Structures are given as C-alpha cells and as structure tokens.
Amino acid sequence: MESSTTSSSPSPTSNGVSRVLTKLRASVNSGNYYEAHQMYRTLYFRYLNQKKYSDLLDLLFDGAEVFFDKDQDASGIDLTQLIIDTLVKSGTEGTPNNQLFSKLTSLLSRIRPENPQRGDIINSALKWSKNAAVKQSGHPSLHECIANMFWRENNYVLARYHFLHSTDGRNFALMLIQVHRERGYANEIDLFIAQVVLQYLCCRYPIKNMIRRCALAEDNAQRAPRVFPLDGALTAAQVDGFDFVRLV
C-alpha cells in the first residue's frame with residue numbers, strides 16, 4: 001500500500017494538476033519535446049520532495065504515453081524509469097487491484113524489443129514488485145503481465161520464463177499449444193508438457209494445478225479444432241491421478 005504521506009497529497013484530478021497536464025501536453029504537441037521533457041523532470045524532483053506521490057505518478061504515466069505516441073522513445077523510456085523510481089521511493093506496492101502492473105506493462109510494451117534498455121527497465125520493475133509475501137523473482141501478477149506481453153510479440157522464450165514465475169496457467173497452456181502447433185510434431189506433445197513440469201520442479205513451484213490447466217486447455221482445443229489443435233495430450237482426468245514425481 002502507498003505510504004501514509006500519499007493520502008495528504010492533492011487529488012489527481014485537482015485543478016493544479018490538470019493545469020500542469022494541459023501545459024505539458026501543449027508543449028509536447030507543439031513539438032517542444034526537449035522543453036517538455038525537462039519540465040517533467042523538474043516536476044519529478046519537486047513532487048518527490050513534497051511527497052505528492054499520487055499526483056507525480058499520474059503526471060509521469062501520462063507523460064510517458066504522450067512521448068511514446070509522438071515517437072519520442074528516449075523521453076518515454078526516461079519517464080518510465082522515473083515511474084519505477086517513484087514507486088520505490090514512495091513505498092508503493094503493486095497489486096492486481098490497483099492496476100499498476102498492467103499500466104506499467106503497457107509502457108514496457110511501447111519500448112522497442114531491440115532496445116537494450118528494455119531488459120534493464122523490466123528487471124527494475126520486477127525488483128520493485130518484490131515484497132515479503134511474494135517470490136524472490138518478483139510479483140507473480142507482474143510476471144503474468146510481462147509474459148503475456150512477450151507472448152503477443154511471439155517471443156516464446158521470454159514469455160515462457162515469465163509464465164513460469166506467474167500464476168497464469170491457462171494462458172501458459174495456450175501458449176504451449178501454439179508453440180507446439182507452430183514448431184513441434186504431433187507426437188512431441190508429451191515433450192512439451194514434460195519440459196514445463198521439469199522447469200516447475202526446478203523452481204520448486206506447485207505444478208499439478210498448472211498442468212491440469214494445460215490439459216483443460218487442450219481438452220477445449222480438441223473440442224474446437226481450429227484453435228491450436230493437438231493430438232495425444234493428457235486429459236484433465238488423467239492429470240488428476242498422475243504422479244509427477246515419476247517424471248524425474
């Protein structure tokens with residue numbers, strides 16, 4: 001949850017913040033990108049010192065989106081990093097309910113995949129998301145958002161990594177079906193499932209529910225053959241009685 005000082009800050013919809021947003025957007029829309037960028041950075045330090053974290057986050061999220069819309073990637077990336085810095089310094093914790101994970105991932109998706117800064121920012125975001133109640137690799141809900149982002153980009157390697165650290169077994173299963181359809185043979189479905197089982201075991205995560213989701217997804221795929229059809233997969237009933245320890 002946000003630090004206690006956040007509640008004393010003005011509402012994000014206050015007249016003062018609205019005027020600042022209007023001025024900043026006008027500057028960007030006029031093509032004064034450098035001036036606007038410096039204004040955002042000045043406000044970052046001012047609001048941070050005043051502990052107006054909620055207002056600051058609204059300004060930075062809005063600014064990053066505007067810069068990305070204008071193809072000013074360097075400025076958008078800088079504000080995205082400032083957002084993470086603000087979340088860390090304010091003690092704000094992300095949860096699936098406050099939409100911080102999805103909003104942050106929306107900005108990450110705007111960074112070009114070939115940009116080397118993208119990986120660093122993703123690591124910073126995952127580091128921020130850690131707390132005593134979540135896995136050391138980062139919050140599962142943030143991993144879920146990032147995994148689905150990479151899946152949409154057809155980056156199956158990174159998507160698999162983040163799905164492994166999430167709790168989104170259904171989409172993980174659907175992605176595996178897609179990968180198998182595009183890159184595997186029909187008689188290799190057991191290898192695709194076994195590989196994930198072994199990875200879960202190495203991570204010491206509970207795997208039975210996740211693999212059951214894989215089977216349920218496959219059951220659905222078989223009922224609708226045009227959606228990633230696979231032959232010879234385990235059924236959900238078989239998974240319920242399966243001894244996964246035998247795989248190792």
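As the structure is a computational prediction, the values presented were derived from the model and not from experiment.
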Q: Using a 4.5 Å cut-off on heavy atoms from C-beta on, say whether the side chain of Leu43 contacts that of Leu24.
A: yes

**Q.** Closest non-hydrogen atom pair, Arg112 against Arg118
**A.** O-CD, 4.0 Å

Q. Can you name the residues that form a side-chain contact (heavy atoms from CB on, under 4.5 Å) with Arg25, not counting sequence neighbours?
A. Leu21, Asn29, Asp62, Val66

Q | For Arg152, all residues meeting side-chain hydrogen bond (donor to acceptor under 3.5 Å, both in side chains), sequence neighbours excluded | A | none

**Q.** With sequence neighbours excluded, residues passing side-chain contact (heavy atoms from CB on, under 4.5 Å) with Glu144
**A.** Asn148, Ser166, Thr167, Asp168

Q: Please report the shortest heavy-atom distance between Phe68 and Thr80, naming the atom on each side.
A: CE1-OG1, 3.8 Å

Q. Taking it one step at a time, do Gln72 and Lys70 satisfy side chain to side chain donor-acceptor pair (under 3.5 Å)?
A. CA-CA 5 Å; Gln72 298 298 306; Lys70 296 294 183 179; over 6 Å; no

Q | Nearest atoms (heavy-atom pairs only) where Tyr47 meets Leu59 | A | CE2-CD1, 3.5 Å

**Q.** Which atom of Lys130 lies closest to which atom of Ser137, heavy atoms considered
**A.** CE-C, 4.2 Å

Q) Do Leu104 and Trp128 come close enough that some side-chain heavy atom pair is under 4.5 Å? A) yes

Q | Main-chain N/O of Thr86 paired to Ser90 side chain as donor or acceptor, under 3.5 Å | A | yes

Q.
Give me the atom names and distance for the closest heavy-atom approach of Ser129 to Gly138.
A. OG-CA, 3.5 Å

Q) Taking atom CG of Leu48 and atom CG of Leu82, what is their separation to the nearest 0.5 Å? A) 9.5 Å

Q. Say you draw a straight line from CG of Leu100 to NZ of Lys103; how long is it, rounded to the nearest 0.5 Å?
A. 6.5 Å

Q | 4.5 Å side-chain heavy-atom contact, Arg160 and Met175 | A | yes

Q: Could you name each residue pair satisfying side-chain hydrogen bond (donor to acceptor under 3.5 Å, both in side chains) that touches residues 32-46, not counting sequence neighbours?
A: His37-Ser75, His37-Asp78, Arg41-Asp78, Tyr44-Lys89

Q.
For Asn154, give me all partners under side-chain contact (heavy atoms from CB on, under 4.5 Å), at least two apart in sequence or on another chain.
A. Tyr156, Gln178

Q | Aromatic ring pairing Phe172/Phe163, orientation class (parallel under 30°, perpendicular over 60°, tilted between) | A | parallel

Q. Out of curiosity, Ile111 CD1 to Met149 CE, how far, rounded to the nearest 0.5 Å?
A. 8.5 Å

(Q) Restricting to non-hydrogen atoms, name the atom on Val28 and the atom on Ala36 that form the minimum distance, rounded to 0.1 Å. (A) CG2-CB, 3.5 Å

Q) Roughly how far, to the nearest 0.5 Å, is OG1 of Thr92 from OH of Tyr53? A) 8.0 Å

Q. So how far is it from His139 NE2 to Cys145 SG, rounded to the nearest 0.5 Å?
A. 10.0 Å

Q. Listed by chain and number, what are the side-chain hydrogen bond (donor to acceptor under 3.5 Å, both in side chains) partners of Asp69, not counting sequence neighbours?
A. Arg110

Please table the atom pairs, donor to acceptor, closer than 3.5 Å between any side-chain atom in residues 119-126 and protein atoms at least two apart or in another chain.
{"from": "Asn123", "atom 1": "ND2", "to": "Gly119", "atom 2": "O", "distance (Å)": "3.3"}
{"from": "Ser124", "atom 1": "OG", "to": "Asp120", "atom 2": "O", "distance (Å)": "3.1"}

Q.
Using the side-chain hydrogen bond (donor to acceptor under 3.5 Å, both in side chains) criterion, which residues pair with His162? Sequence neighbours excluded.
A. His143

Q.
Could you work out, with side-chain contact (heavy atoms from CB on, under 4.5 Å) as the rule, every residue matching Asn155, not counting sequence neighbours?
A. Phe150, Val157, Leu158

(Q) Once salt bridge (Lys or Arg N to Asp or Glu O under 4.0 Å) is applied, do any residues pair with Asp85, and if so which ones, sequence neighbours excluded? (A) none

**Q.** CD1-CZ distance between Ile77 and Phe67, expressed to the nearest 0.5 angstrom
**A.** 12.5 Å

